[in-house]
2 protein chains.
Amino acid sequence: MSATPSPDSPVPAYLQVAEALASRIEADEFEFQLPSERKLTREYGCSYDTLRHAIKVLRGRELVITRHGYGTFVKAAVRAAGLI
Amino acid sequence: MSATPSPDSPVPAYLQVAEALASRIEADEFEFQLPSERKLTREYGCSYDTLRHAIKVLRGRELVITRHGYGTFVKAAVRAAGLI
DNA sequence: GGCGATTTGTACGTATGTATT
DNA sequence: CAATACATACGTACAAATCGC
């Protein structure tokens with residue numbers, strides 16, 4: 001898990017990371033809150049730019065919700081908790 | 001015109017640039033195609049990141065259309081020309 | 001209400017890849 | 001093939017927001 005995106009793939013790194021995170025979300029690995037952006041960049045060995053781009057994709061798919069100064073959360077879990 | 005965004009403003013630089021470009025578009029200054037991203041960064045004295053963020057805002061407002069490897073265009077003009 | 005720790009947001013500049021003409 | 005232009009990727013620094021104490 002958390003494999004560094006392959007630069008040889010025709011798929012952009014930010015999409016590879018997005019897919020990897022989406023799988024982990026579907027597998028309920030994070031339960032509620034995702035690790036911090038900085039921590040995820042270290043896990044995936046990618047740049048901050050790439051990681052944020054990936055999370056933006058996840059937001060577009062409505063898989064996560066991000067709150068400035070707080071964190072990024074699994075949307076389904078937030079909904080299940082009745083917080084939205 | 002093309003003033004460097006003020007760092008003292010509470011408005012983020014990318015929004016200041018977006019507003020400036022929107023005004024120029026409304027004033028029909030570009031007619032059809034916007035200057036290249038690199039040229040605009042020099043005009044506005046901002047970073048590539050800031051300028052691309054600004055153009056992304058304009059795309060969200062449907063003021064412009066961007067085509068990879070070709071350029072960024074005034075959407076109304078493209079429409080008027082019957083190209084979309 | 002302020003303080004400090006944590007986290008996301010913005011801004012910077014550069015290099016390389018991909019698409020179009 | 002060459003020139004031009006947008007897209008992706010990189011790493012860093014500082015600002016802004018949130019929360020618990």
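Every chain is numbered from 1 and lettered A, B, ... according to where its sequence line falls, protein lines coming before strand lines.
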Looking at the side chain of [X], which of [options] is the nearest nucleotide?
| X | options | result |
| --- | --- | --- |
| A/Thr66 | D/dA9, C/dT8, C/dT10 | C/dT8 |
| A/Thr50 | D/dT18, C/dA11, D/dA9 | D/dA9 |
| B/Asp49 | C/dA11, C/dG9, D/dT18 | C/dA11 |
| A/Pro12 | D/dC19, C/dA15, D/dA9 | D/dA9 |
| A/Tyr14 | D/dA9, D/dA5, C/dC12 | D/dA9 |
| A/Tyr48 | C/dT21, D/dC19, D/dA13 | D/dA13 |
| A/Arg52 | C/dA11, C/dG9, C/dT21 | C/dG9 |
| A/His68 | C/dT18, C/dG9, C/dA11 | C/dG9 |
| A/Glu37 | C/dG9, D/dA5, C/dC12 | C/dG9 |

- Return the minimal non-hydrogen interatomic distance between B/Ala18 and B/Leu58, and the atom names on each side.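 Heavy atoms only, the tightest pair is O-CD2, 3.5 Å.
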- Message: Ignoring hydrogens, what is the shortest heavy-atom contact between B/Pro35 and B/Leu40? Give both atom names and the distance.
- Response: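 Nearest pair, atom of B/Pro35 first, then B/Leu40: O-CD1, 3.6 Å.
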- Item | Side-chain ion pair, B/Arg61 and B/Glu19, N-O less than 4.0 Å |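 A salt bridge is present here (some side-chain N lies under 4.0 Å from a carboxylate O).
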- Answer yes when A/Arg79 and A/Glu62 have at least one side-chain N-carboxylate O distance shorter than 4.0 Å, and no when they do not.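 A/Glu62 and A/Arg79: not salt-bridged.
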- Joint hydrophobic cluster, A/Leu63 plus A/Val74, side-chain heavy atoms closer than 4.5 Å: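 Same hydrophobic cluster.
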- Query: Are B/Tyr14 and B/Val11 co-members of a hydrophobic cluster defined by side-chain heavy atoms under 4.5 Å apart?
  - Reply: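 Yes, it is one cluster - the side chains of B/Val11 and B/Tyr14 are joined through contacts under 4.5 Å.
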- Task: State, to the nearest 10°, the angle formed by the axis through the first five base pairs of the helix from C/dG2-D/dC21 to C/dT21-D/dA2 and the axis through its last five.
- Result: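 About 30°, once rounded to a multiple of 10°.
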- Over how many whole Å does the gap from A/Arg38 atom CZ to D/dG11 atom P extend?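 Result: 13 Å.
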- Nearest-Å distance, NE2 (A/His53) to C1' (D/dC6)?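 Value for this atom pair: 13 Å.
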- If you look at every strand shown and take non-hydrogen atoms under 4.0 Å, does A/Thr41 touch a base, only sugar-phosphate, or nothing?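 The residue A/Thr41 makes no contact with any strand.
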